[in-house]
Amino acid sequence: MEHGKQVELIHRVLEHLRAGTTHMVEDESRLPVAPYLQPERFEAERRLFRKLPLLVGHVSQLAEPGDYCTHNATGTPLLLCRTASGELTCFLNVCRHRGTRLVPEEQGRRKQAFVCPYHGWTYDSTGRLRAVPDEAGFPSRPSESVGLVRVPVAERLGLLWVTLEPGGPDVDTFLAPVAAELAGFGLDKHVAYQPSRIEKKLNWKIAIEIFLEAYHLKYAHRESIYPLFFNNVGLVDPLRPHIRAIFPKRSIESLAGTPEQGWELRKHANILFQLFPNVLILVQPDHVSVSTAFPMGPDVTEYRTLTLIPELPATEKAARYWQKNIEILLGAVQEDMAMGESIQSGLRSGANEFVRLGRFEQGLRYFRDELEARLGGRS
Ligand code: FES
């Protein structure tokens, strides 16, 4: 993020603090409850996901030739590889014989080949079928014509994006509204540390929405991270189809009256980018957390987090430092998810036909307006 933009955002925060206000829109609004519950809605959203660039990893997870990782949360089993020549590839993780999951583990490094655990058909990291045991039984000679099914994959901003079906935006067009700001944080120069994955009983939209406002900080995080922040002070701006939110820390007040040249926003605020539909990039003072919320059912979500740090810890002390940071983040996430699961069961009760959004909960409005527009409806 350019320094001028950081200064502009800090001035906006300081002005709200002086006035005792927060960034708000004109009016409150409502969201209907049904889209959090309906199976047909879940199916429509999964279809939409298939046409959008989906974040499935970080470039450091495929740093060396032979590195591979798998990803199952999109609803389509994926195998991502770095080939011997350095090319990034992605395939359906499905054997072309009778459909067995070719690679069951989450990640690894293989110099040689992927051998199907069922009958031993063997593929290389370019997807080519190299060997078929007893191929005389297959007069069609599959080793000469069959390979793993390719999935389009791209590396942008140090992140790995796949598109499961054609017909949607290309990845550069899609990321353009946030690309310059995110490029400034050098995500491609980080390494992914301790990936985590949790499954929660809530709709994926709730897993995104709980991070898009500062209204809950004082109550949901009273004993954990709230002491660092203000009560319900934030900036939430649409960078359509994405959103940028700034949640200032109390230390930001110390900048008032100091030379602007020394101002650095990430030291005094959590900077959150919500990339449509299901990505949350949280920029903190010395690291970045990248999370994705994948719908697994109308009320089941897989929430994955990669902690991006400047380099792998070289000492015990450094490892303890990053471990502590991860625990703090995941502790706050667990508090948010507990609220989210509570919301999900509350919505299912029928108590509310709609939920109410305050004027400072505009992030949820922006997110849902974008989603509804792409689904062809209106929330
Ligand atoms: Fe893979 Fe048979 S299903 S070799």
Side-chain angles (χ1 to χ4, degrees), residues 39 42-43 45-47 49-155 159-168 192 195-199 278 292 294-297 300-302 304 306:
F42 162 73
E43 296 296 341
E45 290 170 349
R46 284 277 280 239
R47 283 196 297 277
F49 270 52
R50 294 184 64 79
K51 292 187 185 297
L52 296 174
L54 298 176
L55 196 163
V56 292
H58 181 259
V59 66
S60 64
Q61 294 174 294
L62 298 175
E64 300 291 331
D67 284 352
Y68 64 91
C69 58
T70 58
H71 192 291
N72 299 319
T74 65
T76 297
L78 300 173
L79 170 62
L80 296 112
C81 307
R82 181 73 65 187
T83 68
S85 63
E87 184 196 2
L88 172 67
T89 54
C90 183
F91 308 101
L92 297 184
N93 187 14
V94 177
C95 179
R96 301 303 305 280
H97 175 214
R98 281 170 48 198
T100 302
R101 182 75 49 95
L102 178 63
V103 179
E105 65 270 18
E106 293 199 13
Q107 64 178 67
R109 179 173 298 168
R110 248 182 236 188
K111 294 292 182 198
Q112 299 304 320
F114 299 106
V115 182
C116 179
Y118 202 2
H119 311 93
W121 284 30
T122 300
Y123 305 82
D124 67 21
S125 60
T126 69
R128 190 171 155 199
L129 179 58
R130 291 283 184 181
V132 174
D134 302 318
E135 198 172 17
F138 297 91
S140 63
R141 305 286 297 175
S143 66
E144 293 172 6
S145 58
V146 172
L148 295 175
V149 176
R150 284 221 179 214
V151 175
V153 60
E155 178 194 331
L159 303 168
L160 307 179
W161 305 86
V162 299
T163 308
L164 299 175
E165 279 183 19
S196 70
R197 182 158 69 84
I198 52 177
E199 191 166 286
N278 70 331
T292 42
F294 284 96
M296 309 305 284
V300 182
T301 293
E302 182 170 304
R304 306 165 70 102
L306 293 173

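In each ligand, atom 1 is the first atom listed, and ligand 1 is the first ligand listed.
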| field | Partners meeting side-chain hydrogen bond (donor to acceptor under 3.5 Å, both in side chains) with E64 (sequence neighbours left out) | value | none
| query | Quick one: ring-ring contact (aromatic ring centres under 6.0 Å, His included) pairs with a partner in residues 70-96, sequence neighbours left out? | reply | H71-F294
| Of the non-hydrogen atoms in P133 and H119, which two are nearest, and what is the gap between them? | CG-O, 3.3 Å
| said: For T76 and R50, which I'm curious about, is there any donor-acceptor pair between the side chains at under 3.5 Å? | reply: yes
| task | Check whether any side-chain heavy atom of L159 lies under 4.5 Å from a side-chain heavy atom of V59, and answer yes or no. | result | no
| task | Taking side-chain contact (heavy atoms from CB on, under 4.5 Å) as the test, write out the residues that go with V132, two or more places apart. | result | W121, L129, E135, F138, P142, S143
| field | Atoms of protein origin (N, O or S) under 2.8 Å from atom 1 (Fe) of ligand 1 | value | C95 SG, C116 SG
